[in-house]
Amino acid sequence: MILLERQTSETQKMLEALVQRLPISHSKYTLSCEHLRRLQAGCAGEQFVDAKWLELDLPFPHYFLHDFQTMNDFGSIHQTDTIFLCPHLLLILEIKNITGKLSYDAPFAQLIRTIADDTVEGMTDPFLQLKRSEL
């Protein structure tokens with residue numbers, strides 16, 4: 001049972017509207033399109049995982065909270081992609097939809113992506129993201 005539905009983020013809605021209105025020649029057009037593309041790829045990854053969960057026939061009561069947000073004592077808001085609740089466990093899912101070969105460099109706490117043309121890109125440490133979101 002889904003207790004909290006997944007919603008299109010306000011940021012994505014605003015970027016979709018912005019990209020439709022900006023002329024291609026605008027200095028922020030390419031940056032806005034790339035930001036929107038990344039958000040859309042993330043949503044596609046989340047929808048893919050959602051569909052896989054729904055294919056499971058679990059013999060016990062279970063619940064999903066999608067796009068769960070909470071605020072800590074300092075006023076910072078933290079968002080979690082999916083929380084799966086059942087009598088046996090609570091599972092927190094932070095879903096990534098990243099193309100290419102991924103590796104994790106523990107000493108430098110960095111996620112590294114290598115794409116088909118051998119371009120290497122350093123990305124934010126997903127474990128630090130999880131740590132920041134701990135309740």
Side-chain angles (χ1 to χ4, degrees):
M1 173 190 289
I2 298 173
L3 294 180
L4 182 60
E5 295 281 344
R6 192 172 305 286
Q7 303 289 325
T8 302
S9 73
E10 293 302 313
T11 301
Q12 182 173 335
K13 290 177 188 176
M14 287 187 288
L15 276 171
E16 287 170 350
L18 178 66
V19 166
Q20 289 177 356
R21 290 169 174 78
L22 276 180
I24 295 173
S25 59
H26 193 280
S27 62
K28 299 288 184 181
Y29 181 81
T30 303
L31 182 64
S32 299
C33 285
E34 178 60 21
H35 190 178
L36 177 58
R37 186 196 63 76
R38 287 179 187 239
L39 285 175
Q40 290 171 331
C43 287
E46 291 168 358
Q47 290 169 348
F48 177 81
V49 172
D50 292 349
K52 294 300 176 190
W53 274 110
L54 294 175
E55 290 175 5
L56 298 175
D57 185 21
L58 301 174
F60 45 81
H62 57 280
Y63 306 95
F64 293 97
L65 301 168
H66 298 301
D67 287 333
F68 180 77
Q69 294 185 26
T70 187
M71 185 182 297
N72 68 15
D73 293 338
F74 303 104
S76 297
I77 295 174
H78 299 280
Q79 182 267 349
T80 301
D81 291 338
T82 298
I83 298 175
F84 172 75
L85 298 165
C86 72
H88 312 291
L89 89 132
L90 179 146
L91 179 65
I92 298 172
L93 297 169
E94 183 60 37
I95 301 164
K96 302 295 181 197
N97 188 13
I98 303 171
T99 59
K101 178 184 171 192
L102 299 177
S103 57
Y104 183 70
D105 185 348
F108 292 101
Q110 188 174 33
L111 184 65
I112 300 167
R113 171 174 73 162
T114 305
I115 55 176
D117 67 358
D118 289 330
T119 301
V120 177
E121 177 183 4
M123 305 176 91
T124 305
D125 181 353
F127 295 106
L128 288 177
Q129 180 183 2
L130 178 63
K131 198 76 170 150
R132 283 192 310 265
S133 297
E134 284 180 353
L135 302 176

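Basis for what follows: all heavy atoms, side chains included, without hydrogens, waters or symmetry-related copies.
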Heavy atoms from other residues, nucleotides or ligands near CZ of Phe48 exceed 12 (cutoff 6.0 Å) = no
Evaluate the side-chain proximity of Leu39 to Leu15: yes if any heavy-atom separation is below 4.5 Å, no if none is.
-> yes
Give a yes or no on whether Asp57 atom CG has more than 12 heavy-atom contacts from other residues, nucleotides or ligands under 6.0 Å away.
-> no
Lys96 atom NZ: more than 12 heavy-atom contacts under 6.0 Å = yes
What is the distance from atom OG1 of Thr82 to atom CG of Asp50, rounded to the nearest 0.5 Å?
-> 5.5 Å
Consider only side-chain heavy atoms of I, L, V, M, F, W and Y, link residues closer than 4.5 Å, and tell whether Phe64 and Leu90 are in one cluster.
-> no
Check whether any side-chain heavy atom of Ser32 sits under 4.5 Å from a side-chain heavy atom of Leu22, and report yes or no.
-> yes
Residues, nucleotides or ligands: over 12 heavy atoms within 6.0 Å of Phe108 CZ = no
Would you mind reporting whether Thr11 and His35 have side-chain heavy atoms less than 4.5 Å apart?
-> yes
side-chain contact (heavy atoms from CB on, under 4.5 Å) between Leu93 and Glu46, worked out = CA-CA 10 Å; Leu93 297 169; Glu46 291 168 358; over 6 Å; no
Taking atom CD1 of Ile24 as the centre, report whether more than 12 heavy atoms of other residues, nucleotides or ligands fall under 6.0 Å from it.
-> no
Verify the cluster assignment for Trp53 and Leu89: are they in a single hydrophobic cluster under the rule of side-chain heavy atoms below 4.5 Å apart?
-> yes
Apply side-chain contact (heavy atoms from CB on, under 4.5 Å) to Ile98 and Leu111, showing your working.
-> CA-CA 11 Å; Ile98 303 171; Leu111 184 65; 4.2 Å; yes
How about Lys101: does its NZ atom have over 12 heavy atoms from other parts shown lying under 6.0 Å from it?
-> no
Closest non-hydrogen contact found for Pro87 with Pro61 is CD-O, 3.1 Å
With Pro107, which residues qualify under side-chain contact (heavy atoms from CB on, under 4.5 Å), at least two apart?
-> Asp105
Residues two or more places apart in sequence or in another chain: which of them pass side chain to side chain donor-acceptor pair (under 3.5 Å) with Gln110?
-> none
Calculate, to the nearest 0.5 Å, the distance between atoms CD1 and CD belonging to Ile112 and Glu121 respectively.
-> 11.0 Å
Give the C-alpha distance, both sets of side-chain angles, the deciding distance and a yes or no for side-chain contact (heavy atoms from CB on, under 4.5 Å) between Val19 and Tyr29.
-> CA-CA 7 Å; Val19 166; Tyr29 181 81; 4.0 Å; yes
In terms of hydrophobic clustering (I, L, V, M, F, W, Y; side-chain heavy atoms under 4.5 Å; direct or indirect links), are Val49 and Leu56 co-clustered?
-> yes
From Gln79 atom CD to Asp67 atom CG, the distance as rounded to the nearest 0.5 Å = 5.0 Å
Taking the inter-plane angle between the rings of His62 and Phe84 on a 0 to 90° scale, is it parallel (under 30°), tilted (30 to 60°) or perpendicular (over 60°)?
-> tilted
Can you see which heavy atom on Tyr104 is nearest to which on Ala109, and at what distance?
-> OH-CA, 3.7 Å
Hydrophobic cluster identity match, Ile95 and Ile2, side-chain contacts under 4.5 Å = yes
Separation of Ile83 CD1 from Thr70 OG1 (nearest 0.5 Å) | 9.0 Å
Examine Phe60 and Leu91 and state if one hydrophobic cluster contains both, with Ile, Leu, Val, Met, Phe, Trp and Tyr joined whenever side-chain heavy atoms are less than 4.5 Å apart.
-> yes
CG of Leu102 to CD1 of Ile115: how many Å apart, nearest 0.5 Å?
-> 11.5 Å
Tell me the side chain to side chain donor-acceptor pair (under 3.5 Å) pairs involving residues 15-27, sequence neighbours left out?
-> Gln12-Glu16
Going from CG on Leu36 to CG on Leu31, what distance comes out if it is rounded to the nearest 0.5 angstrom?
-> 11.5 Å
